[in-house]
Undergrad: 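Take this structure, written in structure tokens, and hold onto it; I'll ask about it next.
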2 protein chains.
Amino acid sequence: MDKLEDYKRPSVAVDIVVFTIMHGRLKVLLIKRGREPFKDLWCLPGGFVRIDESPENAALRELKEETGIKDLYLEQLYTFGKPERDPRGRVISIAYFALVDSTKIKPAVTGEEGIKKIGWFDVDFLPDLAFDHKEIITYALKRLRYKLEYTAVGFELLPDKFTLTDLQKLYETILGEKLDKRNFRKKAMAMGIVEKTREQRKGSHRPALLYTFRKKASSSAFKQVKFEK
Amino acid sequence: MDKLEDYKRPSVAVDIVVFTIMHGRLKVLLIKRGREPFKDLWCLPGGFVRIDESPENAALRELKEETGIKDLYLEQLYTFGKPERDPRGRVISIAYFALVDSTKIKPAVTGEEGIKKIGWFDVDFLPDLAFDHKEIITYALKRLRYKLEYTAVGFELLPDKFTLTDLQKLYETILGEKLDKRNFRKKAMAMGIVEKTREQRKGSHRPALLYTFRKKASSSAFKQVKFEK
DNA sequence: CCTGTTAGTGTCTTTGTAACACTATCTTAT
DNA sequence: ATAAGATAGTGTTACAAAGACACTAACAGG
């Protein structure tokens, strides 16, 4: 009864939801499928877990293979395993949630061999997606918003040096609401999660101080969880 | 490259961490292994996912088979997938997190066929465990404490009718700290997550009013997430 | 009816959250 | 040189939630 051979084994895959912020919009990385099923539909980057690698390494490997992305924040999201979720057969997929700073994305990521195309899509305007990938993205989005409110994960989406306005815009973009500038800055400073540098960013207006993220205090809540009656 | 046949498939299992409160202590359900590897060591209830069932159903089925437990709160916890976690070969395990009210546990759950024994263990005094099950329990405990602070999941551990003292003791047991009686009751009432019944529980002292859980307001925070500097 | 035991209740202080508007500094155009 | 445009940066007050704290009430049993 406990022998591994007694059971038909499902295939195990990983799918990764990679978020970034581009031009003030939250984007997800998608790949155009080159073959059936769902040929020419968009889907999440991912692939099968090899027999000797951990799911997390599979996720990192697939991301590198398919998109060249290397340094990113990665965490396990949820395992999707309904028997009918893949028309090819039984595939259980461990979904991952990733964040990248858009300045680190390689520009030449489109049209590799002409078979696959990859693209960044605005989360509010997603195309039709293969498999249950829409559901996975919805789940990831929920997690992103949730995490943003009570952890300092947002820094993963910014370059090493950023202005407080950058940081605030990031929060506003993801949470979908305006935040008060003074309260936002007060809180960021009070929590000690950002640190001043001596550099400035210039434009045709008053220059802004650049800040860096202080990893030490990273476990703090940025905004307290809302209290519903 | 995308054919399912091209890949060696891992086995996929589920493991369930079932918590209950007995005699004011937090307990986990464990099973004594009847065969190698790790014969006679304790482990989490669980088993392999069948080719045509969802992981969640596998978890429910295994729990019923092994322990007779039927009605419980169940949610996916995390998928453990390091290649070396099972000496029999590659096994990826989807861990679940479950809560049962101890009054619903069948008493005759020990010594089925004399092969397997099952038992409830105090989380602070766990025996040696098979596989990486210790790690899984640690992870589940973290999740339990975390969820208790910001959701109303604690009710899953109580019978339908309970006193506010019962509820408070439950929180104290799991969080491992004393809570203030007046503040606790004030908050429980203010949030509207409990409802008075007209029944009382008697003892050799002042009788206590019984309350029920109001499912409507279940998404509220019971205690706000702590804010660390 | 006294004792033991648990149930039940209110106020004040502290802390965090939310609302709110003006000045400062730079660039560019005239 | 200076005015206009644009973004950076800053403090106070009011409100809401959390935390600390101690006594009275109701029952059973002796």
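All values below were derived from every heavy atom in this structure, side-chain atoms included, with hydrogens, water molecules and symmetry-related copies excluded. If you're wondering where the values come from, they're calculated on a predicted model, not measured in any experiment. Every chain is numbered from 1, with letters handed out A, B, ... down the list of sequences.
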Undergrad: Could you check whether A/L209 gets within reach of a base, just the sugar-phosphate, or nothing at all, counting any heavy atom under 4.0 Å?
TA: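 A/L209: backbone/sugar contact only, no base atoms under 4.0 Å.
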
Undergrad: Report the distance from atom CG of B/L179 to atom P of D/dC21, rounded to the nearest whole Å.
TA: 15 Å

Undergrad: Assess, by modelled atom type and distance only, whether the side chains of A/T197 and A/T212 contain a donor and an acceptor separated by less than 3.5 Å.
TA: no

Undergrad: Please give, in whole Å, the distance from C/dT17 P to A/K187 NZ?
TA: 4 Å

Undergrad: Take B/P207 and A/R185, find for each the nucleotide of DNA chain D with the closest heavy atom, and name the residue whose nucleotide sits nearer the 5' end.
TA: A/R185

Undergrad: Would you say A/K186 reaches D/dG11's phosphate, i.e. side-chain N/O to OP1/OP2 under 4.0 Å?
TA: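 So the side chain of A/K186 is outside the cut-off, no N or O lying under 4.0 Å from OP1 or OP2 of D/dG11.
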
Undergrad: More 5' along DNA chain D: B/G203 or A/D180, using each one's nearest nucleotide?
TA: A/D180

Undergrad: In whole Å, I'd like the distance from the NE2 atom of B/H205 to the P atom of D/dG30.
TA: 14 Å

Undergrad: Counting side-chain heavy atoms from C-beta on, which of D/dG19, C/dC20, C/dA7 comes nearest to B/T165?
TA: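 Nearest to the side chain of B/T165 among the choices is C/dA7.
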
Undergrad: What pair of heavy atoms forms the shortest contact from A/V17 to A/A140, and how long is it?
TA: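 Taking every non-hydrogen atom into account, CG1-CB, 3.7 Å.
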
Undergrad: Between A/W120 and A/I69, which heavy-atom pair has the shortest distance, and what is it?
TA: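 Reported closest heavy-atom pair: CZ2-CD1, 4.1 Å.
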
Undergrad: Going through the checks in order, is the ring-ring contact (aromatic ring centres under 6.0 Å, His included) test met by A/F125 and A/F121?
TA: CA-CA 7 Å; A/F125 301 99; A/F121 287 78; over 10 Å; no

Undergrad: So B/F19 and B/L26, do their side chains get closer than 4.5 Å, heavy atoms only?
TA: yes

Undergrad: What is the distance, to the nearest angstrom, from the CD atom on B/E177 to the C1' atom on D/dG19?
TA: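 It is 12 Å, rounded to the nearest whole Å.
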
Undergrad: For B/K181 and C/dT6, give me the distance from atom NZ to atom C1', rounded to whole Å.
TA: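 Nearest whole value for this atom pair: 7 Å.
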
Undergrad: Can you tell me the distance, in whole Å, between the CG atom of A/L175 and the P atom of C/dA18?
TA: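 Answer to the nearest Å: 12 Å.
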
Undergrad: Taking atom types as they are modelled, would you say the side chain of B/R182 forms a donor-acceptor pair with the base of D/dA20 within the 3.5 Å cutoff?
TA: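 No.
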
Undergrad: Between D/dG11, D/dC21, D/dG9, which one does the side chain of B/N183 approach most closely?
TA: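 The nucleotide sitting nearest to the side chain is D/dC21.
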
Undergrad: Just N and O in the side chain of A/R206: are any of them under 4.0 Å from OP1 or OP2 of D/dG9?
TA: no

Undergrad: How many Å lie between CG on A/D166 and P on D/dG9, as a whole number?
TA: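 Rounding to the nearest Å, CG of A/D166 and P of D/dG9 are 11 Å apart.
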
Undergrad: Which whole-number value in Å describes the distance from B/M191 CE to D/dA17 P?
TA: 12 Å

Undergrad: Under 4.0 Å: is that the gap between some side-chain N or O of B/S204 and OP1 or OP2 of D/dG29?
TA: no

